[in-house]
Structure formats: C-alpha cells, structure tokens
There are 2 protein chains.
Amino acid sequence: MNYQEVGLDSIDCRILEVLQKDGRLSNAELSERVNLSASACHRRVQRLEKDGFIAGYVALVDPRKIGRKTTVFVEITLSGQSDEVLSGFERAVALIPDVLECHLMAGSADYLLKVVAEDAEDFARIHRRHLAGLPGVQTLQSSFSLKQVRQTTALPI
Amino acid sequence: MNYQEVGLDSIDCRILEVLQKDGRLSNAELSERVNLSASACHRRVQRLEKDGFIAGYVALVDPRKIGRKTTVFVEITLSGQSDEVLSGFERAVALIPDVLECHLMAGSADYLLKVVAEDAEDFARIHRRHLAGLPGVQTLQSSFSLKQVRQTTALPI
DNA sequence: ACTGAAAACTAAACAGA
DNA sequence: TCTGTTTAGTTTTCAGT
C-alpha cells in the first residue's frame, strides 16, 4: 500500500497492523509496540477511529464452535436489472442473518452470497425459507465450501 | 441456533452477540447489557475465550479508506487433486496477504479465493505476481465485485 | 509532546446462596 | 457451582506544562 496517498504515515500503518491482529490491546502495550508515548499513541488511535480508518472493533466467534460448520457460496441471477429489482433484492438480503456477505458482481446482474449454515440440511432450510423467496430471483446456484484454507479479517497495509 | 447443543446458555449467547458488535466494550458495560454482575460476566468471557468460542478480537479496518477499493473472487482449478498438489497450493496461498479467504470447494478440486486489490490494475499485478505462479494451477477465473451489499463478521447466534 | 493526577476498569480473592 | 462483594493494581483520560 502507498500509505501516504491515503493520509497516513508509517506509524499509523503500524498501529493498524497491530490492532487488526489484536483489537483489545491496551493503549499502554500498543504504544510500546509502535515506539510511541502512550498519549501520542492514544491520540493517533482516536484519530484513526474518528476518520473511519478503524471501522470498529469486534470479537471473532468461531463458527464451528457454535455449530455453523458449513459455508456456502450462492450465485444468484435476477430476472431484471432495473434499480427497483436490485434494491428490492438487496434490502431483502440484508435481513437474512445467515448471509454474511452479498456482492453485486460485474458482468451480469449476478449476486454472490456467502452463507453460513449448521450443515447441508440446515442450508436446505435456509435456502427454502429465505433464499428461494427473495424478490426477483431467476436462477440460484449453490457451491459448498469443504474446507476454509485461509480466513482473515486483516487487510494488507 | 440451538445453543444448548454446543454447551452455552442464553447469557453466553447474549455475551457473544454483544461482543461481536463491539469487541472493545468494558467488562463493566458488558455486564450491564447482559444483566450480570461484573465478576460473573468477566468469568464467562474468560471461559468463552479459553474454550475457543471467542477466537480473538480485531479492529476492522475500512478497506476503501486505505485504498483497497476492489474485491475479486477467483476460481482456481488445479491440475491434479493429490494431497501434495492440494497442500502445496494451500501453503503458497497462505503467504499472499491480498488473499483474505481461500476455500476448497466441493464437487471438483476447485478453490475459491477472495482477493482485495486497490483497483483493477492492481489486481492485474497481484494476478501476475502471485496468483498465476501458484503451484498446480490449471485454470483461473476472476469475477469482480462491483458493490458490497452486505459484509459482516457477526455470526447469527 | 510529555507529565501527573483523577476516574474508570480489570482481575483476583473471598464469601454466600 | 454459580453469583456477588471487596480490593489492589492497571489503564484511560484529561488538564497543565
């Protein structure tokens, strides 16, 4: 990344790198890791939060531990591509908690959804109860993930 | 979710729900939100961490703010599906920081990668420098996301 | 940008239901 | 065993230099 283009210096980058790995670091420890006084560090973090570089802090829950062992990618084609069809679909998708991601894809009017389910049977239920009934759906194709080889929330800085 | 099956009670679930939205809540405030004394709450959180329900805490960095405006899903077919080919591929993929996710997909020996880039040109660079040279790659198809309709790290509990 | 003090928070020990 | 109370030690926050 060329960090100067987005208004950061190398210490800001370092702060983001560290907090992306451990969002609960105390300011005291963070400041040590980036070689800054605690107060200077604290002010930088506040600025990064205020300016939206840090969108928030979250706890990551292990999906397998709570029984969500299955990830499915669903490709959906809509029957039309008017703004109403698209935004009606998007509003409806946003209400399904099992859908973690929804992307409008280039090329055709296709959406790619990332869905988490307990198992294949549970996905069938989600499919029936939530996906099949989405407004404007023309085709719908599901691909199951067998194994998550890599999964990170940390962006390269 | 049927939380009892995974060894949680309704308060544990509530804690996970809350921490998935705000991972930096103080124990004092968390305990208020879940109607528990601070110490009881604190012990539950520690248990959830120790038992791996909480995999960690992270700061979420806004990809657009740091210039990563483009998400691309890449579908890769390997030339073989022996364990060596697969694990060689997986080891190599894990070293590319631009690849946020890599899934082994059911059906064929296909992988689905989620890649973040600054723009299409930057993706072309990543493609050339990192993806094309991955061991065992047979075919490689890229789909660009035009718009992130929904993006959450919070699992439904 | 640093210092120091007040306020808030954490984490452990102890006690009761 | 689970919850609540107390307490000592940290950390955060903010005013002053």
Side-chain angles (χ1 to χ4, degrees), chain A residues 1-67 153-155 157, chain B residues 1-62 65-66 153-157:
Chain A
M1 209 241 310
N2 195 340
Y3 53 80
Q4 307 198 0
E5 281 173 15
V6 297
L8 300 176
D9 66 15
S10 62
I11 299 179
D12 292 323
C13 289
R14 187 95 184 85
I15 289 175
L16 292 179
E17 274 175 4
V18 172
L19 287 180
Q20 278 195 124
K21 293 203 206 101
D22 185 352
R24 279 212 87 143
L25 273 186
S26 71
N27 183 65
E29 174 142 9
L30 177 61
S31 66
E32 272 183 36
R33 296 225 201 151
V34 302
N35 298 318
L36 222 60
S37 72
S39 60
C41 182
H42 185 243
R43 240 167 308 129
R44 276 174 186 265
V45 172
Q46 285 192 322
R47 183 174 59 71
L48 292 169
E49 291 167 355
K50 182 177 69 63
D51 293 350
F53 289 96
I54 295 175
Y57 300 88
V58 297
L60 297 178
V61 171
D62 184 340
R64 321 194 106 259
K65 294 289 286 186
I66 60 165
T153 59
L155 298 172
I157 305 269
Chain B
M1 212 240 310
N2 196 340
Y3 52 80
Q4 307 199 359
E5 281 173 17
V6 297
L8 300 176
D9 67 14
S10 62
I11 300 179
D12 293 323
C13 289
R14 186 96 185 84
I15 289 174
L16 292 179
E17 275 176 3
V18 172
L19 287 180
Q20 277 195 124
K21 292 203 205 98
D22 186 352
R24 278 212 90 143
L25 273 185
S26 71
N27 182 65
E29 174 142 8
L30 177 61
S31 66
E32 273 184 36
R33 296 226 201 151
V34 302
N35 298 316
L36 222 60
S37 72
S39 63
C41 182
H42 184 244
R43 241 161 314 141
R44 276 173 185 265
V45 172
Q46 284 192 324
R47 183 174 58 73
L48 291 169
E49 290 167 354
K50 182 178 71 63
D51 293 350
F53 289 96
I54 296 174
Y57 300 89
V58 298
L60 297 177
V61 170
D62 184 340
K65 294 288 286 188
I66 60 165
T153 60
L155 298 172
I157 306 269

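Fair warning: this is a prediction, and the values are worked out from it, not measured in the lab. A, B, ... follow the sequence lines: proteins, then strands. Residue 1 opens every chain.
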In terms of side-chain geometry, is the basic nitrogen of [X] or [Y] positioned less than 4.0 Å from the acidic oxygen of its partner?
| X | Y | result |
| --- | --- | --- |
| A:Lys65 | B:Asp51 | no |
| B:Arg33 | B:Glu29 | yes |
| B:Arg44 | B:Asp9 | yes |

Calculate the interatomic distance between [X] atom [atom1] and [N] atom [atom2]; express it in whole Å.
| X | N | atom1 | atom2 | result |
| --- | --- | --- | --- | --- |
| B:Leu36 | C:dA17 | CG | P | 18 Å |
| A:Arg47 | C:dA1 | CZ | P | 11 Å |
| B:Arg43 | C:dC14 | CZ | P | 14 Å |
| B:Arg44 | C:dA11 | CZ | C1' | 18 Å |
| B:Gln46 | C:dT10 | CD | P | 11 Å |
| B:His42 | C:dA13 | NE2 | P | 12 Å |
| B:Leu25 | C:dT10 | CG | C1' | 14 Å |
| B:Leu30 | C:dC9 | CG | P | 12 Å |

What are the bounds, 5' to 3', of the part of DNA chain D that sits under 4.0 Å from heavy atoms of chain B? D:dT3 to D:dT5
Hey, does A:Ile11 have a side-chain heavy atom less than 4.5 Å from the side chain of A:Asn35? no
Are any of the side-chain heavy atoms of A:Lys21 and B:Tyr57 separated by less than 4.5 Å? no
Applying a 4.0 Å non-hydrogen cut-off, can you work out what B:Ser26 is touching in the nucleic acid: base, sugar-phosphate, or nothing? sugar-phosphate
Pick the closest DNA chain D nucleotide for A:Ser39 and for B:Ala38 by heavy atoms, then say which residue is nearer the 5' end. B:Ala38
Is there a donor-acceptor pair under 3.5 Å between the side chain of B:Asp62 and the backbone N or O of A:Phe53? no
